[in-house]
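Chain naming here is simple, since letters A, B, ... match the order of the sequence lines and numbering starts at 1 in each. Being a predicted model, the structure only gives us computed values, none of them experimental.
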Amino acid sequence: MTDIIDTPDPLTRTYLPAQLIDREPEQETLSEAFAADTETRLQHVHLYGPRGTGKTHLVKQFLTTFPSTVTTCYVSGRPHDTQYKVLERLLQQLTGEHVGTGHHIADLQRRLRDAVNLETVVVIDEVEFLLLNDGDDLLYFLTRLENTAVITVSATHRSLEPEVDDRTYSSFQPRVLTLNPYTPSQVRQILADRARRALEPQSVERTALSRIAATTSNIAIGLCWLRTAAEAADDAVTRSLVDEVQSTGYAAYVTELLADFTPHHRRLYDTIELLDRDRNPVISGAVYEAYRDRCADTGVEPLSERRISDFLTHLELLGLIEATYHYGGRKGKTRELQLVDWDEDTPSSDSSSEER
DNA sequence: CGTCCACCGGAAAATAGGGAGG
DNA sequence: CCTCCCTATTTTCCGGTGGACG
């Protein structure tokens, strides 16, 4: 049993490649928005792109291009889903001071206002979680700050206009940037690049990558899948090995996504996965009942139905489940839930692997 | 045309924690 | 230590929804 993994880093989602593949136009647009000659006022930007299109990488890469006269901050709205948490994080990044809990929001806002005497660029990644949980107060505050440009990033909202108050949007007025999903050949190229950096030379079959690329355009899924295959490989990642570990790879992706959430999120997801075996939509009430039973089996105190309703929305925002909302009608007011079929067009006996 | 499905989702309150000043 | 302020998480409460069925 030989290990074909030399350096695991490039196969993880936190790995930031020095060069992004096929995102030059977007990098261009970003630089334009912040070009020195566009008046004195910094421009706000909203970046939209489905999961696994390289939003976070693009924006992090972009932050490194600023001269030292500009301060940059990066915060993700997923763990930091309240105004308070984001402000706390920003203060820590800007001034190094660590504020605990228990202070007034207005107090943190005042301290932050004092801290941004230099030009500052603030990125709020996965902003949909912040908006869902705590509304747009923070966005209103930040976009009205002097010397500060805000870059919001979302995998779910193409525009934030319908999501925030009019007064917030009017001070935000972002330039909107959209990332399109990668094409299969781009996915293959990106995965090949990562594999070359992480694995032994010649250890990945070309058709193995094609198989992944033909199944998903989400790079994060692709990476998990490839990594899972590489970990299981004896001496090479073959196409059949990739087929073999397909569901394990996706499971690893789910686990990675849910790692930032509570064990109840995980339990809830597992519950739906079980109910979804027959691929029929299931309504939220039934999901809650099954969840409660599951808790009873494991001796865990279940959360309330209202709370779980919010957690279902989280899973939906993560792109793990699909929900059809019924606001009344014969079915009453409810949601029909289903796992996302991420590998819908998985070719069971495929002969049309793209080759070039 | 009235009724009913079934829980969405807003609001308030309960609970548990921390910080600052007396 | 007490008091009074804050945030965070979860529970409790409940009005409201609209198409199909009778």
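For Asp193(A), the salt bridge (charged side-chain N to carboxylate O under 4.0 Å, His left out) criterion is met by Arg196(A), Arg197(A), not counting sequence neighbours. Under the side-chain hydrogen bond (donor to acceptor under 3.5 Å, both in side chains) criterion, Glu301(A) pairs with no residue at all, not counting sequence neighbours. The salt bridge (charged side-chain N to carboxylate O under 4.0 Å, His left out) search around Arg144(A) returns none, not counting sequence neighbours.
A centroid separation of 6.0 Å or more is found between the aromatic rings of Tyr250(A) and Trp225(A).
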Would you tabulate the nitrogen or oxygen pairs shorter than 3.5 Å linking the protein to nucleotides 17-22 of chain B?
unit_1, atom_1, unit_2, atom_2, d
dG18(B), N2, Gly102(A), O, 3.3

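Hydrophobic cluster membership for Tyr327(A): Tyr325(A) (Ile, Leu, Val, Met, Phe, Trp, Tyr linked by side-chain heavy atoms under 4.5 Å, directly or transitively).
Counting only residues at least two apart or in different chains, salt bridge (charged side-chain N to carboxylate O under 4.0 Å, His left out) contacts with residues 91-101 of chain A comprise Glu97(A)-Arg111(A). For residues 45-97 of chain A, every residue pair satisfying the ring-ring contact (aromatic ring centres under 6.0 Å, His included) rule, not counting sequence neighbours, is listed here: Phe34(A)-Phe62(A), Phe34(A)-Phe66(A), Phe62(A)-Phe66(A).
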Counting only pairs under 3.5 Å, give me each side-chain donor-acceptor contact of residues 302-309 of chain A, with atom names and distances, residues two or more places apart or in other chains.
unit_1, atom_1, unit_2, atom_2, d
Ser304(A), OG, Arg307(A), N, 3.3
Arg306(A), NH1, Asp310(A), OD1, 3.1
Ser309(A), OG, Arg335(A), NH2, 2.8

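Contacts between residues 104-115 of chain A and DNA chain C, counted as heavy-atom distances below 4.0 Å, involve His104(A), Ile105(A). A heavy atom lying under 4.0 Å from DNA chain C marks the following residues of residues 297-319 of chain A, by number: Pro302(A), Leu303(A), Ser304(A), Arg306(A), Arg307(A). For the contact set between residues 257-280 of chain A and DNA chain B, defined by any heavy atom under 4.0 Å, there are no members.
Side-chain contact between Val153(A) and Ile124(A) is absent, with no heavy-atom pair separated by less than 4.5 Å.
For DNA chain C, the outermost nucleotides in 5' to 3' order that have an atom under 4.0 Å from a heavy atom of chain A are dC5(C) to dC21(C).
Within 4.0 Å of Tyr325(A), counting heavy atoms only, lie sugar-phosphate atoms of the nucleic acid but no base atom.
Checked against dC8(B), dC4(B), dC7(B), the side chain of Ile283(A) finds its nearest nucleotide in dC7(B).
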